[in-house]
There are 2 protein chains.
Amino acid sequence: MDRPDRTGGGAGAPVRGREATRERILASAKVLFTSEGYGAVSSRKIASHAGVNVALINRYFGSKAGLLTEILREDGVFPRLIEEGPPEGLTERLAEHSVSRLHGEGSPLQLSLDDSAGDPDLQAVYQGRLKSALIEPLAAYLGGRDARVHASLVAAVLMGVGRVRRVEGATALRAHDREQLKERVLALLELCLKDFDPPE
Amino acid sequence: MDRPDRTGGGAGAPVRGREATRERILASAKVLFTSEGYGAVSSRKIASHAGVNVALINRYFGSKAGLLTEILREDGVFPRLIEEGPPEGLTERLAEHSVSRLHGEGSPLQLSLDDSAGDPDLQAVYQGRLKSALIEPLAAYLGGRDARVHASLVAAVLMGVGRVRRVEGATALRAHDREQLKERVLALLELCLKDFDPPE
DNA sequence: TTTGACAGGTCAACAGCGTTTACATATACC
DNA sequence: GGTATATGTAAACGCTGTTGACCTGTCAAA
């Protein structure tokens, strides 16, 4: 038998062991990040909630940011949107996604992290993900000479809407007719994708 | 004489007094923020550079974020763009501004703060400024029923481009033909401003 | 059964942060 | 001259993420 449960499964005592501990930390971090935001939750708070020593966070995830990265890694939204339906409906899915986030839809964790998006750690992690999870797959999907420019512009519009939401609550945008707004965002996205130098 | 120089102007000893100290702190903060970014510069570092006690930062500016706010207050870019020329050229000025920032033009302080834009303090201050320095004046300028929606969308595009620049270096965007890019951004901005429910 | 190795967990400390409080000093006014 | 009031100082507070030394329980080989 290779690695039986060290604790013998006895109830009462917390489950020990590498995987169990990692999972406990991850679970607690998700719960706390969701309810309080990233910046407001300290390492010690996570450890305490997980019933685990603070040092173990760094042992298993390298740092608090590493823990966050691990949590976000399982949560790739944009690639899913890209592959999720027919190519010709992509811009509409992106627009719908954008507007729905604007209206506060999405997983509680996502929404909460949106609110903490100002944090340097989160920003750094997001930076990596924006590139690897949106711009690059989108450019690859688009193909063509200016694929990366188009993809970057799309990213700009999507990020911009998200940012305005966080920054000013986007009260005006949310108060506006949702369908009209979606149409407008859709038009913006398609304008982003239009070829340069139209053949004339 | 109301408030002669308390120090008698003697050389050697650092100049004391409310205004002098405030200015010294402001000047040092600008220098350091410019060369190292906001997050990388601690209160103690600023104070040390200014030859001033740490506590005076909080005394005169309330907090480190307050100091930043004061620095940014004198630096209202968007309102200037709005009033700076004829209304019909506004979108073009905004587009030009956006693209030039993309190419790393602008005051060193602005560029540096752009890079630190992830910091929660800076984010908070920017949030206030985005509203008061772009969305609100722009909405007021535009007038009309959906003015705030249009202004928010414009803000979204501008912020989005800025964000993509920070997030992925916008290598693709920068490599692209500048004039073409400006035209594209201009088109996006004008699409943002187009009336909803076009009369048909 | 004894011994050694080692993964897993604990604890206390580190250096840094922004901020606050109590105190000292220098200036201005009566 | 004496006193109120700006201004500046020093030291601490509580917090953060992180680290290194140490303990402990389990397993494998001798």
Side-chain angles (χ1 to χ4, degrees), chain A residues 1-10 13-25 28-29 32-33 36-70 116 119-125, chain B residues 1-10 12-25 28-29 32-33 36-70 116 119-122 124-125:
Chain A
M1 51 185 98
D2 56 346
R3 281 271 185 102
D5 185 355
R6 284 171 175 75
T7 65
V15 181
R16 293 167 78 100
R18 183 179 183 83
E19 277 316 304
T21 302
R22 265 184 64 99
E23 285 310 315
R24 283 155 67 74
I25 293 174
S28 291
L32 292 174
F33 287 166
E36 309 185 28
Y38 177 80
V41 179
S42 69
S43 299
R44 284 168 176 84
K45 204 167 189 173
I46 298 170
S48 164
H49 184 276
V52 140
N53 191 284
V54 208
L56 295 181
I57 291 178
N58 289 304
R59 172 188 286 276
Y60 289 121
F61 300 96
S63 64
K64 191 189 170 193
L67 171 56
L68 175 68
T69 308
E70 181 62 25
S116 322
D119 194 280
D121 281 359
L122 226 151
Q123 195 93 3
V125 176
Chain B
M1 50 184 98
D2 56 345
R3 281 272 185 103
D5 186 354
R6 285 168 174 78
T7 66
V15 181
R16 295 166 77 100
R18 182 181 184 81
E19 278 316 305
T21 302
R22 265 185 64 99
E23 285 310 315
R24 284 156 66 74
I25 293 173
S28 291
L32 293 174
F33 287 166
E36 309 185 28
Y38 176 81
V41 180
S42 68
S43 299
R44 285 168 176 83
K45 204 167 190 173
I46 299 169
S48 165
H49 184 276
V52 140
N53 192 285
V54 210
L56 295 181
I57 293 178
N58 289 305
R59 173 187 286 277
Y60 288 122
F61 300 96
S63 64
K64 191 190 169 193
L67 171 57
L68 175 68
T69 308
E70 181 62 26
S116 322
D119 193 280
D121 281 0
L122 226 152
V125 176

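The residue Tyr60(B) sits close only to the backbone: its heavy atoms come under 4.0 Å of sugar-phosphate atoms, none of a base.
Rounded to whole angstrom, the span from the CG atom of Leu67(A) across to the C1' atom of dG17(D) amounts to 13 Å. Atom pair Lys64(A):NZ and dC15(D):C1' shows a separation of 12 Å (rounding to whole Å applied). Atom CZ in Phe61(A) sits roughly 13 Å away from atom P in dG8(C) (whole-Å rounding). Rounded to whole Å, the distance from CD1 on Ile25(B) to P on dG8(D) is 8 Å. Look at CD1 on Ile46(B): it is 12 Å from C1' on dC17(C), rounded to the nearest Å. Distance, Glu19(B) CD to dA6(D) P: 15 Å, rounded to whole Å. Atom-to-atom, CZ of Arg18(B) to C1' of dT5(D) comes out at 13 Å; the value is rounded to the nearest Å. Taking atom CZ of residue Arg24(A) and atom C1' of nucleotide dG8(C), one finds them 14 Å apart after rounding to whole Å.
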Tabulated below should be each protein N or O lying under 3.5 Å from an N or O of nucleotides 12-14 of chain D; please produce it.
| unit_1 | atom_1 | unit_2 | atom_2 | d |
| --- | --- | --- | --- | --- |
| dA12(D) | N6 | Arg44(B) | NH2 | 3.2 |

Please list, pair by pair, any protein nitrogen or oxygen found under 3.5 Å from a nitrogen or oxygen in nucleotides 19-23 of chain D.
none

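The overall bend of the helix from dT1(C)-dA30(D) to dC30(C)-dG1(D), read as the angle between its terminal helix axes built from five base pairs each, is 20° when rounded to 10 degrees.
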Donor-acceptor pairs under 3.5 Å, side chain of residues 49-63 of chain A to any protein atom, not counting sequence neighbours: which ones?
| unit_1 | atom_1 | unit_2 | atom_2 | d |
| --- | --- | --- | --- | --- |
| His49(A) | ND1 | Ser28(A) | OG | 2.8 |
| Asn53(A) | OD1 | Ala55(A) | N | 2.9 |
| Ser63(A) | OG | Ala65(A) | N | 3.4 |
| Ser63(A) | OG | Gly66(A) | N | 3.1 |

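Between Thr21(B) and dG8(D) there is a side-chain N or O to OP1 or OP2 distance below 4.0 Å. Residue Ser42(A) places at least one side-chain N or O closer than 4.0 Å to OP1 or OP2 of dT16(D).
Here Val41(A) pairs with Leu32(A), Phe33(A), Glu36(A), Lys45(A), Ile46(A) under the side chain to side chain contact (heavy atoms under 4.5 Å, CB included) rule; sequence neighbours left out.
The Leu56(B) side chain lies nearest to dT9(D) when the options are dT9(D), dG18(C), dT18(D).
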